[in-house]
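The analysis underlying the following values was restricted to heavy atoms, covering all of them including side chains, and did not include hydrogens, waters or symmetry mates. Counting starts at 1 for both ligands and their atoms, following the listed order.
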Amino acid sequence: MNASQMVVAHEVHKYYGGFHALKGVSLQVAAGEVTCIVGPSGSGKSTFLRCINQLEKTDGGAIWLGGDLLGYRRKGDELRELSDADIARQRLASGMVFQRFNLFGHMTALQNIMEGPVVVQKRKRAEVRVEAEALLERVGLAGKANAYPSELSGGQQQRVAIARALAMKPKLMLFDEPTSALDPELVGEVLAVMKNLAQSGMTMIVVTHELGFAREVSNRVVFMDQGQIIEAGTPAEVLSTPQHPRTREFI
Ligand code: ADP
Ligand code: MG
């Protein structure tokens, strides 16, 4: 495997009961690159992200993240399956941002960001607070540390959710339609934060319908349909000169 690949997914399969949701999905994402996944509803985009984040177990194939095979650890020459607790720890390698921000409603913005590092990673509260404040500033919310989610707009909540994921110091960030639940006038502020993150060198996989963002920020665009990657290439290739009829229909 090429060491510069942050994500290598090889022939990933996923079934929900008898339904074949991922039919051998393979994808490589180089460190520091942004890949946008586009495609119709029900094509398996969320399922694929959830497999990378280990919210779902795969039913075939393999995923490596930063060189580590997800779900396993090496013991000498052997691969051992990880326990659920170890999988929970390994999951932290990727930060996930969802369509609905899922912040803790009873916690302030700052507390939401501090929760993972303090409770899950058992890091020192004082040190985490300094980092959380810096993250709030980074997402343009320096003045909102003590605000509760209900006091924030959707765009502000989503920016807190991005800061919360970053607080765990993930190797890569996964975004599942991060702006789909937002009022149109709030989409830009979230995309701007994501663009900034991309420019800072973060490896990102972004499921999105924002083709302008895909065109401007991504290194690669992948089109998924019915559990498969149908077409992949540069944004210009996939978005301007799509080859597959299904891609053409969608774009
Ligand atoms: P997308 O994100 O591209 O809209 P999903 O990954 O959410 O697609 O879903 C892919 C397919 O798998 C859809 O047909 C969906 O109904 C089905 N699916 C997703 N999650 C589940 C689940 N937990 N149980 C059963 N079917 C599911
Ligand atoms: Mg989805």
Look at the N, O or S atoms of S46, main chain and side chain alike, and state whether any lies under 2.8 Å from the Mg ion (ligand 2).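 So S46 counts as coordinating the Mg ion (ligand 2), yes.
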Options G39, C51, G42, ranked by nearest heavy atom to atom 1 (P) of ligand 1, top entry: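 Going through G39, C51, G42 one by one, G42 has the nearest heavy atom to atom 1 (P) of ligand 1.
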Proximity winner for atom 3 (O) of ligand 1, if only heavy atoms of Q226, K45, K14 are counted: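 Going through Q226, K45, K14 one by one, K45 has the nearest heavy atom to atom 3 (O) of ligand 1.
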Give the residue and atom name of whichever protein heavy atom lies nearest to [atom], and the separation in Å to one decimal.
atom                    : value
atom 8 (O) of ligand 1  : G44 N, 3.2 Å
atom 15 (C) of ligand 1 : F19 CE2, 4.8 Å
atom 5 (P) of ligand 1  : T47 OG1, 3.6 Å
atom 7 (O) of ligand 1  : S46 CB, 3.7 Å
atom 27 (C) of ligand 1 : Y16 CD1, 3.2 Å

Is atom 11 (C) of ligand 1 near the protein, in the sense that some protein heavy atom lies at less than 4.0 Å from it?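 Neighbour list for atom 11 (C) of ligand 1 includes protein heavy atoms (cut-off 4.0 Å).
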Could you list the atoms of ligand 1 found under 4.0 angstrom from a heavy atom of P40?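 Numbered from 1, ligand 1 contributes 3 (O).
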Under the salt bridge (charged side-chain N to carboxylate O under 4.0 Å, His left out) criterion, do K57 and D84 qualify, and how do the steps go? CA-CA 11 Å; K57 282 209 161 103; D84 286 349; 3.7 Å; yes
At the 4.0 Å heavy-atom cut-off, does S43 count as touching ligand 1?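 S43 counts as a contact of ligand 1 under the 4.0 Å cut-off.
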Using modelled atom types and a 3.5 Å cut-off, is there a donor and acceptor pairing between side-chain atoms of T234 and backbone atoms of E237?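 Indeed, once roles are kept as given, a pair shorter than 3.5 Å links the two residues.
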Look at the side chain of E11 and the backbone N and O of S26, then say whether any donor-acceptor pair between them is shorter than 3.5 Å.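 No: the side chain of E11 does not pair with the backbone of S26.
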Given Q28, which of Q5, H10, R220 fulfils the side-chain hydrogen bond (donor to acceptor under 3.5 Å, both in side chains) condition?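 Option passing the side-chain hydrogen bond (donor to acceptor under 3.5 Å, both in side chains) with Q28: Q5.
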Just do the side chain to side chain donor-acceptor pair (under 3.5 Å) check on D176 and S46 with the steps written out, would you? CA-CA 6 Å; D176 192 359; S46 295; 2.7 Å; yes
Could you give the distance from CG (L82) to CZ (R73), rounded to the nearest 0.5 Å?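 So the gap between those two atoms works out to 7.0 Å.
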Do R246 and E249 pass the salt bridge (charged side-chain N to carboxylate O under 4.0 Å, His left out) test, and can you show the C-alpha distance, the side-chain angles, and the key distance before you say yes or no? CA-CA 5 Å; R246 288 289 290 163; E249 210 175 291; 2.9 Å; yes
Output, in order, the C-alpha distance, side-chain angles, deciding distance and verdict of salt bridge (charged side-chain N to carboxylate O under 4.0 Å, His left out) for R123 and E131. CA-CA 11 Å; R123 294 180 48 214; E131 287 178 12; 2.9 Å; yes
